[in-house]
Structure formats: structure tokens, C-alpha cells
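Since the structure comes first, as C-alpha cells, the remarks are kept for the end.
These figures come from a predicted structure and were not determined experimentally. Just so we're on the same page: letters track the sequence lines, and every chain starts at 1.
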2 protein chains.
Amino acid sequence: MVTLAEVAQHAGVSASTVSYVLSGKRSISATTRLRVEQSIRELGYHPNAGARALASSRSNIIALMVPLRTDMYVPVMMEIAIAVATTARMHGYDVLLLTGEEGPDAVRRVTGSGLADAMILMDVQLDDERLPLLRGSGQPSVLIGLPADTTGLTCVDLDWSATGALCVEHLAKLGHHDIAVIGEAPAVYERHTGFAERTLDGLRVRARELGLRVLHRPCEGGYDAMAVTLARILDERPGTTGFVVQNESAVEPLLALLRQQGRAVPEDVSVVAICPDQVAVQASVRLTSVGIPAPDMGRYAVERLIATLEGRAAGEVVLLAPELTVRASSGPAPAAS
Amino acid sequence: MVTLAEVAQHAGVSASTVSYVLSGKRSISATTRLRVEQSIRELGYHPNAGARALASSRSNIIALMVPLRTDMYVPVMMEIAIAVATTARMHGYDVLLLTGEEGPDAVRRVTGSGLADAMILMDVQLDDERLPLLRGSGQPSVLIGLPADTTGLTCVDLDWSATGALCVEHLAKLGHHDIAVIGEAPAVYERHTGFAERTLDGLRVRARELGLRVLHRPCEGGYDAMAVTLARILDERPGTTGFVVQNESAVEPLLALLRQQGRAVPEDVSVVAICPDQVAVQASVRLTSVGIPAPDMGRYAVERLIATLEGRAAGEVVLLAPELTVRASSGPAPAAS
DNA sequence: ATAGGTTGTCGAAGCGCTTCGACTGCTTTT
DNA sequence: AAAAGCAGTCGAAGCGCTTCGACAACCTAT
């Protein structure tokens, strides 16, 4: 293993000079810099991470806490994680992968040991138990998701409330009056995950303003669960012509079931999904959808975090505006029979 | 921030004693140990990760390199990643998330800087450019996937060749003669990803032994691509009654298209999928499938790695035996018309 | 009783880096 | 021409921990 001292000796300068060449924190003459850089290359020098962390008390690591539940759409999580890792690298940071499993302890451990300089938390619940710790520790952090109380916290999220409103507006404009919302699995609501509740609220409020009727049903993914849920919905509100689907894994089953029952999409019923664009275009009917900008969320989170680390920013909530793309699954409501 | 020295002072012992209490590397009297542990708790001490890494030259971090491509089934990646993180934590290790993007440079960086003690590589290609570096660096590592040359490497993977054979055997036993294989996206074959090629080889060899005809077609996911692929297959081999699907995102489209064409599953055609069990049971027809044991793969990888770090193991290839579960998508071949 | 082991503890020497103050020659200002 | 400033470099002091050798104090065998 090559050390700073060896590079210094090879280049004929002192260790501190090499350090300053590396960090750029003091001016170095062009000739010296070149010589040092040459030595670094020749010897294949890599600064030792531990020594660096010890001396500077900065690890250049960002901790990312991902949920290990699988009841939410996993590819979105993965996309966010990858965006976080990629963006972090662009800024010279590495990413430590923490699972939600450890819970608050992980926050304590990472904060206390100086393992990471900052944290990103995903899958934030409205009343998340990690938040008091985070506030108390003074650890720079960004939440992906919106808890109930955001004082002193930096949060990045899709504006789910606006997302819900947008879906219902689209259907209203097309003349639909009875809307059914296929929600996430019941467990998601039970643990008060912000995005699910906010979507529903935003949707309901706008629906009321527009004079639409809304029926909301949580739904596990898969065909069997969807079949039961759909049957109940059509039983209770036979006139339902618009569907908003938030649970990605219910989308395809819904389309298949509707087809099977002879209800044409979009002639008889319209479907609006809340899902990544890639899913929307790969479905059996190209779906009118509000996209989930996972990469943006990851990227923003890292950028906010680094701004905070550099003292360029403080607690703040960033809500990304939702965008609805009209595709082939929504159309004018059928004339009332 | 509380330091070792402060704990030592509080407990009335020397710093080294506290260190030995923590590591258990020398015997400590019960009374002293208790006193030290008490002080640690009272002061809320957490060892500093950087200092530890510097002094011991072990970071207790495992680097996990995940592909950032999205042309392969993402949830499997995520499941592996989560299993890796969870297992690693159980052994006192943290996980650093590296994206494939950096490629060989990441290996150099992590190896050189002592950031991580070991690496796990996913999405290994048959002739992976990271391998020479890995061999050269002496960095302990485990591959999830099987390259062409495994000398000196530790690898964990599903036995894809046996998987392919298993699928074809099942269909043969049911009396099918003409088999079509819906493969991964062409790009996956082009970059010589081991698992795709091995599956195909295993399947073909066994098919020849059993006297079956096999037609293989790579296929992007989604309805449109699948429609084209299916049309071509049925055009070339109208008598095809058995399908083996490796590309997860082609499965549902295939089922929908067959249904649409009036071919009943499993009465007219049988479908065997290679996918996680969860996907198999959630599909519109409960799929006969060979499962992908993602959590096992992650867990094994970490356990091998830790064994290597502790000098309890050397390079070795672990192939997990595939298991086929019969569900509702496969049945006896229809009588020849 | 004495040589030889154990057991439990301490002190000190680093691990490889960052960073602060100090110093040397210059160039600029007055 | 002296004072002041600046660019460029160095030496040394740590950062908080692990680990090695040393050394008491005690226990066992002869």
C-alpha cells in the first residue's frame, strides 16, 4: 500500500504539500503540482479512507436507508437508490446501504461512529420514529417522503396531493362522474405512509370541488385480490367509469379483468395510473399516467444534502410537480345509458 | 463526541483496557468489564469508524456493486441487495453501494483506499473486465454470477444450466415436442451475461437428449415486442405447444396474447417461467416456474465473503440447485391434430 | 521454597492523513 | 528604501483507535 509520505518522498516535497495538491486548499506552484501528480500516477497512490476520515472528521459517505418491505413498488426504490449512488459519486461521495430493519438504531450508530457524514431516509412515515433522533443528533439529513411535521427537516417528494388532484381533474374533464381509486395495500395505509394518504386527500378534495363521486379501496397486488376488489366496487357503484390506480401491481390485473368482463378501455372505462413512465408504456394498454420521477427524487435529495453539508442550505421542503401524460387508457365518458 | 479515552477515564482504567473490553481480544476480569460497559452506556460511547479503520486496517465494510442497467429484472437485484445488507449487518459489517457505472475504476478505488474490506460483484459477464483487477488486487471478493474462467474466484449463482434443463424436462414429461424459449433482451446476450447463455445451453443440451425441438428468441419486455416475437415463433413453428420464458417482463404479455388468440393455457399450450415465486403466483395464470432464490444468493455471498476474510475459506463455486414448482400454467400436450 | 505459567492491566508506539503556524523569498505599496 | 503583503512550502501536532511488549500479581508443579 502506497502512502502519502512515499509520494512526497518520490516527488521530493513534504507530505503536507502532497496533501494540499490533493485537496487544493492552499495554492501550489504549477511545477510542484505537476511533479506530485506525476508521482501519484507512477506509484498508483490512493488516499487511505480511514486516515482521511480520522484526520478530517469527514468520511465522504452518505448513508441511504431503504425500506426492506416489499409491499411497495420495488423498482421505484431501486431507481431512487441508483440515482442517489450515481449523483453522490459525481460529488465525490460514496453511499452506505442501510436497511430499514435496524430502525432508529441505525441512525444512532451512523451518527455516533462518524461512519457517514449525512443520511437519506426513504419510506418515511407520517409519524416516523427516526425523526426525533435525527433532529436531536444534528446529523445533516434529507427525507424522501414527507412526514407530518417537517420543522427543521429537509424533505424531497413528489407532490402526491397534487398528483391525486391531477388524476381526478383529467377524468373530470373527460366527463366521468363516478371514480374508483385502487389504492396501495392496506398495510401501507395502516402504517400511515405519507404518500398514500396525501394522494387520496388531494384526490378527494379536488373531486368534491368538481362534484365527482369517489370510492377508495386499498388493494394488494395480484389478480385474485384485484378481482375481489373490482367486484366489490362495481357492485357498490355500477356506474363507475373512471379508475385511478396507485398500486402498480394491480394495474395489469385490472386491465385484464375489465377486458374479461367486456368493458373496453378507454371506450367504456378510463384508467389513470400513478406509476413510472416505463411501466405505463409497457402495459397491455398504453396507460394514461402520472409518472413517478424516481431519479429526480434521488438526485435532488443528494444535491440538497451536499448543499447542507457545505452550509449552503437549510431545512426545506421540495415538492416535485406531478406530470400527467395522456396515453391510450383514458377517453371521454360513455354517454349515460 | 465521546472518545475511548473519556470512557477509560470515567471507568478508571487505561484506554487499552477499554479497547480490549470492546474487542474481546484479551481476557478482562468480570468486574472491570462490567465497569467499562457501564461507562460506555452512561456516556453513550460509539467507537469512531475512521480511527478504527486506520488503526486496524479493517473497515468492516463490504462493497456491493450493483448493475445500473434496467434491462434485467430489477426486483431480483433489489432482493439480493437487501439480503446482502441484512446478512452483512448480522456479522457486524456495513454495505457500500457501488453502481456498475464506474466499472473497473470502482474496484481500483475501493481496493486502493481501504474503503471496504471486500467486494461483492453482481451482473458478472462471462468475460468481465473487472476480474483481472480483482485477481490482481488480492481483494477478497465474491461474484454473484459465473464468469467463463473462475480460477481463484469465489462465485455464487443459481445453476442456470440445470434450470434450463429442468424446464425442458418438465415440458418433455408432459409430452410437448416443440418448445419455444422467450429469452432476455438481445442486449443481455450481446454482452455475454453468463446466466442467459448458460440457461439456453443447459436447455438445448437436455432437449437434444430428449429429442425435442427448440426455438430460441430473445425478447425485450412489453406487449409490442412480445407480439412481434410470438407471431414470428408461431409462423416458423406452428406446432409449438411449450414455452419457456426467461424474461420476466415478457410473461404477462405472452399470457395475454395467447388468450387473445384463443390458445388456452394450459390446455393448448404450456408455459414455464423462470422468475421469483412471488411473480409466479401473482400472474394472471398461476405459473409453473423455476424460482430465483435471490435472498439465498445474497446471503451465501456474504457468508462466503466473511469466511474468506476470516481465512476459513478459499475460492470456490457454489451453484444453487434450481427448483421447479408446478402450478396452473403447464399441462399435458394436446393430442396431435 | 523456587522456577515457570497464567491472568489482567498499562504505557507507548504507531496507523496515514489534515491542518495550523511559521518561514522564505518575492512583489507591491507608500 | 522600508513596510507590508502574498504565494509557496515545510514541520509538527494531532485525529481516536489497536496492538505489542512489559510487568505485576497470583497460581501451580516440582
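Stem analysis of DNA chain C (at least three stacked-register Watson-Crick or G-U pairs, each with both distances under 3.5 Å) gives C:1-30 with D:1-30.
Applying a 4.0 Å cut-off to non-hydrogen atoms, the residues of residues 51-59 of chain B that approach DNA chain C are B:Leu54, B:Ala55, listed by residue number. Applying a 4.0 Å cut-off to non-hydrogen atoms, the residues of residues 31-49 of chain B that approach DNA chain D are B:Tyr45, B:Pro47, B:Asn48, listed by residue number.
In this view, A:Asp149 and A:Arg135 satisfy the salt bridge (Lys or Arg N to Asp or Glu O under 4.0 Å) rule, not counting sequence neighbours. Residues meeting the side-chain hydrogen bond (donor to acceptor under 3.5 Å, both in side chains) test with B:Ser29, sequence neighbours left out: B:Thr31, B:Thr32. Partners of B:Asp157 according to the salt bridge (Lys or Arg N to Asp or Glu O under 4.0 Å) rule, which considers only residues two or more places apart in sequence or in another chain, do not exist here. Every residue two or more places apart in sequence or in another chain was checked for a side-chain hydrogen bond (donor to acceptor under 3.5 Å, both in side chains) with A:Asn48, and none qualifies. The salt bridge (Lys or Arg N to Asp or Glu O under 4.0 Å) check on B:Asp117 picks up B:Arg58, with sequence neighbours excluded. The salt bridge (Lys or Arg N to Asp or Glu O under 4.0 Å) check on B:Asp128 picks up B:Arg130, with sequence neighbours excluded.
Distance alone, capped at 3.5 Å, places no donor-acceptor pair between the A:Gln9 side chain and the A:Glu6 backbone. In this structure, the side chain of B:Gln125 does not engage the main chain of B:His192 through any donor-acceptor pair within 3.5 Å.
Residues B:Leu96 and A:Ile61 have side chains in contact (heavy-atom distance under 4.5 Å, counting atoms from C-beta outward). The side-chain heavy atoms of A:Pro276 and A:Val76, taken from C-beta on, include a pair separated by under 4.5 Å. The shortest distance between side-chain heavy atoms of B:Leu131 and B:Leu143 falls below 4.5 Å. Side-chain contact between A:Cys155 and A:Pro147: present, with at least one pair of heavy atoms (C-beta onward) separated by less than 4.5 Å.
As judged by a 4.0 angstrom heavy-atom cut-off over every strand, A:Ser29 is placed among residues touching the sugar-phosphate backbone only. Residue A:Ser19 is in base contact, counting any heavy-atom pair closer than 4.0 Å across all strands shown. In this structure, B:Thr3 reaches the sugar-phosphate backbone alone: every heavy-atom distance under 4.0 Å involves primed, P, OP1 or OP2 atoms, never a base. Among the atoms of the strands shown, only primed sugar atoms or phosphate atoms (P, OP1, OP2) are found under 4.0 Å from some heavy atom of B:Ile28.
Taking only side-chain nitrogens and oxygens, B:Thr17 comes nearer than 4.0 Å to OP1 or OP2 of C:dC10. Phosphate proximity of C:dC10 to B:Ser16: absent, as no side-chain N or O sits under 4.0 Å from OP1 or OP2.
Between A:Arg109 and B:Asp94 there is a salt bridge, since a side-chain N of the basic residue sits under 4.0 Å from a carboxylate O of the acidic one.
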Residues 311-320 of chain A, side-chain donor-acceptor partners within the protein, below 3.5 Å, at least two apart:
from, atom 1, to, atom 2, distance (Å)
A:Arg312, NE, A:Glu310, OE1, 3.0
A:Arg312, NH2, A:Glu310, OE1, 3.1
A:Glu316, OE1, A:Arg304, NH1, 2.8

I'd like a list of close polar pairs between nucleotides 21-24 of chain C and the protein, N/O only, cut-off under 3.5 Å.
from, atom 1, to, atom 2, distance (Å)
C:dG21, N7, A:Arg26, NH2, 3.3
C:dG21, O6, A:Arg26, NH1, 2.3
C:dG21, O6, A:Arg26, NH2, 3.4
C:dA22, N6, A:Arg26, NH1, 3.4

Please report the C-alpha distance between B:Tyr20 and B:Val36 in whole Å, then the side-chain angles of each, then the deciding distance to 0.1 Å, and finally whether the side chain to side chain contact (heavy atoms under 4.5 Å, CB included) criterion is met.
-> CA-CA 10 Å; B:Tyr20 286 125; B:Val36 170; over 6 Å; no

Pair B:Ser14-B:Thr17, side chain to side chain donor-acceptor pair (under 3.5 Å): steps then yes or no = CA-CA 5 Å; B:Ser14 75; B:Thr17 302; 3.1 Å; yes

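In summary, contact between chain A and DNA chain D, defined as any nucleotide atom under 4.0 Å from a heavy atom of the protein, begins and ends at D:dA7 to D:dG16 in the 5' to 3' direction.
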